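Quick notes on the structure that follows.
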There are 2 protein chains.
Amino acid sequence: MAVTMHDVAQRAGVSIKTVSNVVNGYPYIRAETRQRVQSAIEDLGYRVNMSARNLRTRRTGLITLAVPELSLPYFAELADSVISAADTAGWTVLIEQTSASRERETDVLSGRRRHLTDGLIFSPLALGPDDIALFTVDFPIVILGERVFGAPADHVTMNNVAAAKAATLHLASLGRRRIALIGAHAGEQVGSAALRTAGYLEGLAEAGLPHDPALIGEAGLWHRSTGAEAMRRMLDDGTEIDAVFALNDALALGALHALHAHGIDVPGQVALIGFDDVDDAKYSVPALSSVDPGRDQIARTAVELLLERIGATGDPAPFRRVVPDSRIVGRESTGDVAQGQEGRLVSVQEGGIETVEVASG
Amino acid sequence: MAVTMHDVAQRAGVSIKTVSNVVNGYPYIRAETRQRVQSAIEDLGYRVNMSARNLRTRRTGLITLAVPELSLPYFAELADSVISAADTAGWTVLIEQTSASRERETDVLSGRRRHLTDGLIFSPLALGPDDIALFTVDFPIVILGERVFGAPADHVTMNNVAAAKAATLHLASLGRRRIALIGAHAGEQVGSAALRTAGYLEGLAEAGLPHDPALIGEAGLWHRSTGAEAMRRMLDDGTEIDAVFALNDALALGALHALHAHGIDVPGQVALIGFDDVDDAKYSVPALSSVDPGRDQIARTAVELLLERIGATGDPAPFRRVVPDSRIVGRESTGDVAQGQEGRLVSVQEGGIETVEVASG
DNA sequence: TTGTAGGCGTTATCAA
DNA sequence: TTGATAACGCCTACAA
């Protein structure tokens, strides 16, 4: 049977409450008493029973991070950052994988596991603006991305349009004229695909390049395999290109594979840039240029906002939308650095913080 | 204030116990009563309070998975598999990152979070055979890997020696004579590095190749960067090689980068094989041959063994050691397939199950 | 088939 | 500075 505060109290010859005080760092305890309790705790190997504490305090000390899939490097790295940030603040993270399915994303908001944690950092991929009502719940949420603006929650997003535009302009500045896009979602109005595509189009316009639909490659899921397929299709169609902007790094690495398979030199014949700046990017051959959307800052900010709201009392603060700075990192795949050299910072797109008006939930 | 069973009972005009029975699927309830309770639950938006249930049942429904780092693709994919397997069985996974530090690994066994979950799947990287005593705890553990054999726990391990030997023999079978190893840990007696190195030496011996210390490249951490460095050092030293066995895929991808930077053709001049068969392997250029250690089966087996032990009553079953089959997957980097083709199965090393004698903890 | 009583281990309240 | 006592919300016995 597990050791309880009762056992410790008995052994130390004090009351249960005193043990509790010692455990929780209550300051007004005689040093001698504290010492005796500490010894008893160690002798008995006592550990606080979290379930009991949680029941009593109505807090679990856990937050949920809901992402599509951990095996996607971007989300694995994000999870790493979120866990570390939460850990520093003394909190523990529970990860939910949604597989980007509508059902599982809904479940995250109202399912079985909901009452296990005190708050949610949520990166939705299936839910959209029509589902805002689902976000009206009795626990704080921080939403990553811009699929569901208007939901009663804080948002931490990427600088998608500005960063995509900057990436496109960077390719244009290298003299590329036939810039393909890989990863588009036809007809979608919200989400990263739509925003990054918009940025791409803005970039083309600003560079004075025409928009050719043949240069748009669809890819529903942003995996290496779909990136490779989309690239292959475009090449097989005989579409003439001299640059590729892939909407994330997985797509870019897949595209790189397909380009290589077609005997096309990167960056000689085709310059390539991705998005996310995952760790892999540095080590592909050639090393992949990418957009660094400020992942670590996103993670830290999300945890910060969430814990702030969990700890908040009184009137709810207005919701905020935070956009970290993003950066274009030039590497070998755009010829920004010679082979074997580190990536270099090409440009920075500034983010910002704004307050969002939402009917309080 | 949150809705409790009490509120539901009142609304449905039944006792608390009846609500509890409905919630927990107790069969002997009149359909009409059940219906009434269900409606009350929905009207009120009632959710079970997990803390209270956990306190009462002494179960949390959570298990911990402790790994070094999620940003390492192998562990991200392992976590994905473990979460999925646990989810299927109705369990939730809490991930702890240890950064392979001794302190954090010890913490996993006895720290603050220990009482949050019912069991532990642990992939230690710092603790070793001298720390077996730490594993004598009052909750079940499944250990991944073979650093701490003898600990009172079930083990799920890779077929390290046999698989490494097979990988080495595969390179030899391609006519390679100067097979380098990347990722060795000098002086270490336990752990993946030691075992895979042993397999490499066995492979060399069986192929009748001499062991040349110049062909052994050290790399403490198995990251892409350290793999690239180790490879670079060896190349800069002018060591003659025609094949590389990297002890994991991250090292292999780093090595590939370094080989490329030196203008060396893979597999033309140097054949390359990794270990882990992470998703990246398929999409590097050239696609990376690798050892598939049976990750998914490892995850499923670990979850299965753990849940079995959590649910066990009565005398403890003897500890088991399970070794899934491993496979050599040949791709472009060993010239096993032509460019653009899928990998092919080169060989299978059979694992097995054995019972381990350990003084019961 | 349903209800009542009691306790799981902790923290909050209020005295002492 | 410390102690008694009452919840927190649920489940297990046992009774009806």
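Within every chain, numbering begins at 1; the chains are lettered A, B, ... in the order of the sequence lines, protein sequences first and strands thereafter. Just so we're clear, the structure is a prediction, and the values are computed from it rather than from any experiment. No hydrogens, no waters, no symmetry mates; every other heavy atom, side chains included, goes into these values.
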Could you tell me whether a side-chain N or O of S15(B) sits under 3.5 Å from a main-chain N or O of K17(B), the two making a donor and an acceptor? yes
Within less than 4.0 Å of OP1 or OP2 of dT11(C), is there a side-chain N or O belonging to R58(A)? no
Using a cut-off of strictly less than 4.0 Å, decide whether T57(A) has a side-chain nitrogen or oxygen near OP1 or OP2 of dT11(C). no
For the pair made of CE in M50(B) and P in dC10(D), what is the distance, rounded to whole Å? 10 Å
Counting only heavy atoms not in E103(B) (residues, nucleotides, ligands), do more than 12 fall under 6.0 Å from its CD? no
Short side-chain N/O contact from T4(A) to OP1 or OP2 of dG9(C), under 4.0 Å: no
To the nearest angstrom, the CG-C1' distance between N21(A) and dT1(D) comes to 9 Å
Where the side chain of V48(A) is defined as all heavy atoms beyond and including C-beta, which of dT10(C), dC8(D), dA4(D) is the nearest nucleotide? dT10(C)
Is there a donor in the side chain of R300(B) and an acceptor in the side chain of S81(B), or the other way round, less than 3.5 Å apart? no
For DNA chain C, whose closest nucleotide is more 5', that of A52(B) or that of G13(B)? G13(B)
Distance-only donor-acceptor test, R56(B) side-chain atoms vs dC11(D) base atoms, 3.5 Å: yes
Here the distance between atom P of dG9(C) and atom NZ of K17(A), to the nearest Å, is 18 Å
Check the distance between dC8(C)'s C1' and M5(A)'s CE and give it to me in whole angstrom. 14 Å
Please report the distance, rounded to the nearest Å, between CG in L55(A) and C1' in dG9(D). 6 Å
For S20(A) and dT10(C), is the shortest distance between a side-chain N/O and OP1 or OP2 below 4.0 Å? no
Can you check whether S110(B)'s main-chain N or O pairs, donor with acceptor, with R47(A)'s side chain at less than 3.5 Å? yes
Check whether any side-chain nitrogen or oxygen of S15(A) sits under 4.0 Å from OP1 or OP2 of dT2(D), and answer yes or no. no
Between N24(B) and R53(B), a side-chain donor and acceptor under 3.5 Å: yes
Salt-bridge test for R321(B) and D154(B): reply yes if a basic N is under 4.0 Å from a carboxylate O, no otherwise. no
Rounded to the nearest angstrom, tell me the gap between atom CZ in R53(B) and atom C1' in dT12(D). 14 Å
Nucleic acid contacts of residues 22-47 of chain A, taken as heavy-atom distances under 4.0 Å to DNA chain C: N24(A), Y46(A), R47(A)
Judged by atom type as modelled, is there a donor-acceptor pair below 3.5 Å linking the side chain of D118(B) to the main-chain atoms of T60(B)? yes
Length of the line joining N54(B):CG and dC8(C):P, which is rounded to integer Å: 16 Å
Whole angstrom value for the distance that separates C1' of dG9(C) from CG of D7(A): 10 Å
